[in-house]
Amino acid sequence: MGLHDGKIPEVKRQLVLFFIVDTSGSMMGTKISEVNDAISGVIPELKDVGEKGGVNLKVACLRFSSGCEWMYPTPIAAESFTWQEVQADGVTDLGSAFEELNSKLSKDSFLAAPSASVAPVLFLMSDGEPTDDYLSGLNKLRNNNWYKHAIKVALAVGDDANKDILKDFTGNIEAVITVHTPEALRKWIRIVSVTSSQIGSKSMPSPNGEIQSKQDQMIDQIKDIEQSDPDLSQTSTSGDDW
């Protein structure tokens with residue numbers, strides 16, 4: 001049977017993974033270098049995640065410092081996405097990033113798809129304190145239904161990151177991961193990117209057979225990973241920390 005056998009080709013659901021990356025001046029040096037290396041390295045793995053999950057997995061990146069900017073004007077399919085190296089400079093306009101993200105979390109914008117979009121993955125990385133009114137942007141996000149159902153994870157890069165603000169974004173302190181070393185930053189970016197995309201692409205039953213929210217599934221995975229590899233959450237004893 002060929003193209004004219006009367007069957008309609010399957011249209012995959014769309015899953016968008018958003019990288020929301022702090023590129024302020026405090027990220028300069030090793031931090032931003034590791035972010036660039038880690039995300040560019042994990043992109044090829046995301047294609048396989050999408051194929052196994054039966055979704056069209058796309059990637060979008062929002063950079064924020066003095067203002068914010070999308071890496072590309074629309075989400076790009078994982079197999080076609082090319083990471084453009086980001087540089088660190090300026091202040092930390094997190095509120096501006098939240099407002100811009102809110103404007104794109106819509107089926108009329110970044111979540112437009114021939115079939116349905118599933119709830120997105122929002123992956124925030126920051127190492128400092130916002131320099132603008134972040135609550136104004138966050139309150140707009142909180143009224144966005146896509147945000148409400150999204151998988152939300154934040155990486156607090158070093159001890160200077162305001163984990164309370166990152167918790168406000170994720171809704172759960174358990175979804176805020178503190179990284180102290182370049183190695184941990186690199187590993188967690190890969191782990192979160194792959195694991196959240198796997199969870200986002202399908203429903204997974206909990207051990208008692210009930211269906212958990214995808215956010216709860218992600219938190220359970222984070223806890224399991226931290227227990228199996230304690231070094232990921234420890235400060236380096238070799239001096240190779242921030």
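The figures here come from the full heavy-atom set of this structure, side chains too, leaving out hydrogens, waters and symmetry mates. This structure is a prediction, so every number in the text was calculated from the model and none was measured.
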| task | Kindly say whether the aromatic ring centers of Y134 and F169 come within a distance under 6.0 Å. | result |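 So the answer is no for these two rings.
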
| query | Is a side-chain donor-acceptor pair under 3.5 Å present for N162 with E129? | reply |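 Their side chains do contain a donor-acceptor pair, which is all the 3.5 Å distance test asks for.
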
Is the number of heavy atoms from other residues, nucleotides or ligands under 6.0 Å of [X] [atom1] greater than 12?
X    : atom1 : answer
D224 : CG    : yes
K148 : NZ    : yes
K163 : NZ    : yes

| request: Take the angle between the ring planes of F81 and Y72 and call it parallel below 30°, perpendicular above 60°, tilted in between. | output: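 Rings of F81 and Y72: perpendicular, over 60°.
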
Applying a strict under-4.5 Å side-chain criterion to I, L, V, M, F, W and Y, I'd like to know whether [X] and [Y] cluster together.
X    : Y    : answer
L124 : L232 : no
I39  : M28  : no
I76  : F110 : no
V121 : V21  : yes
I199 : V55  : yes

Between atom [atom1] of [X] and atom [atom2] of [Y], what is the distance when rounded to the nearest 0.5 Å?
X    : Y    : atom1 : atom2 : value
L15  : Q198 : CG    : CD    : 11.0 Å
K58  : L46  : NZ    : CG    : 14.5 Å
Q227 : I222 : CD    : CD1   : 12.5 Å
S228 : K223 : OG    : NZ    : 14.5 Å
L111 : K104 : CG    : NZ    : 11.0 Å
L57  : K12  : CG    : NZ    : 10.0 Å

Ignoring hydrogens and angles, tell me if any N or O in the side chain of [X] forms a donor-acceptor pair with the backbone of [Y] under 3.5 Å.
X    : Y    : value
S117 : A113 : no
N36  : I32  : yes
D132 : G95  : yes
N144 : K140 : no
S136 : D133 : no
K214 : G200 : yes
R13  : S201 : yes
S197 : S193 : yes
T131 : T92  : yes
N172 : E174 : no

| message | Between D37 and R186, does any NZ, NE, NH1 or NH2 come within less than 4.0 Å of an OD or OE carboxylate oxygen? | response |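 Looking at R186 and D37, the cut-off is not met.
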
| request: Please determine which of L101, L105, N102 meets the side chain to side chain contact (heavy atoms under 4.5 Å, CB included) test together with W146. | output: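 The option that passes is L105.
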
| task | Check T178, V35, D127 against V157 for a side chain to side chain contact (heavy atoms under 4.5 Å, CB included) and give me the one that passes. | result |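 The single option meeting the side chain to side chain contact (heavy atoms under 4.5 Å, CB included) with V157 is D127.
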
| message | Run I151 and L122 through side-chain contact (heavy atoms from CB on, under 4.5 Å) and show every step you take. | response | CA-CA 6 Å; I151 294 173; L122 309 178; over 6 Å; no

Which atom of [X] lies closest to which atom of [Y], heavy atoms considered:
X    : Y    : answer
I189 : F123 : O-CE2, 3.8 Å
P44  : G41  : CD-O, 3.4 Å
V153 : M218 : CG2-CG, 3.8 Å

| task | Could you walk me through whether V176 and L155 pass the side-chain contact (heavy atoms from CB on, under 4.5 Å) test, one step at a time? | result | CA-CA 6 Å; V176 177; L155 283 189; over 6 Å; no

Side-chain touch [X]/[Y], heavy atoms, less than 4.5 angstrom:
X    : Y    : answer
E45  : R190 : yes
V194 : V42  : yes
V59  : F18  : no
R142 : D168 : yes
H180 : L185 : no

| request: Apply side-chain contact (heavy atoms from CB on, under 4.5 Å) to E85 and Q87, showing your working. | output: CA-CA 7 Å; E85 188 168 292; Q87 305 296 324; 3.4 Å; yes

| request: With side-chain contact (heavy atoms from CB on, under 4.5 Å) as the test, would you mind laying out the steps for M125 and D22 before giving the verdict? | output: CA-CA 6 Å; M125 306 169 210; D22 182 349; 5.7 Å; no

| request: Kindly indicate whether a cation-pi arrangement holds for K152 with Y147, taking the cut-offs as under 6.0 Å to the six-membered ring centre and within 45° of the axis. | output: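 Here K152 passes the 6.0 Å and 45° test against Y147.
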
Can you give me every donor-acceptor pair (side chain of residues 60-70, partner residue at least two apart or in another chain, under 3.5 Å) with its distance?
unit_1: S65; atom_1: OG; unit_2: D89; atom_2: O; d: 3.4
unit_1: S66; atom_1: OG; unit_2: V91; atom_2: N; d: 3.1
unit_1: W70; atom_1: NE1; unit_2: E100; atom_2: OE2; d: 2.6

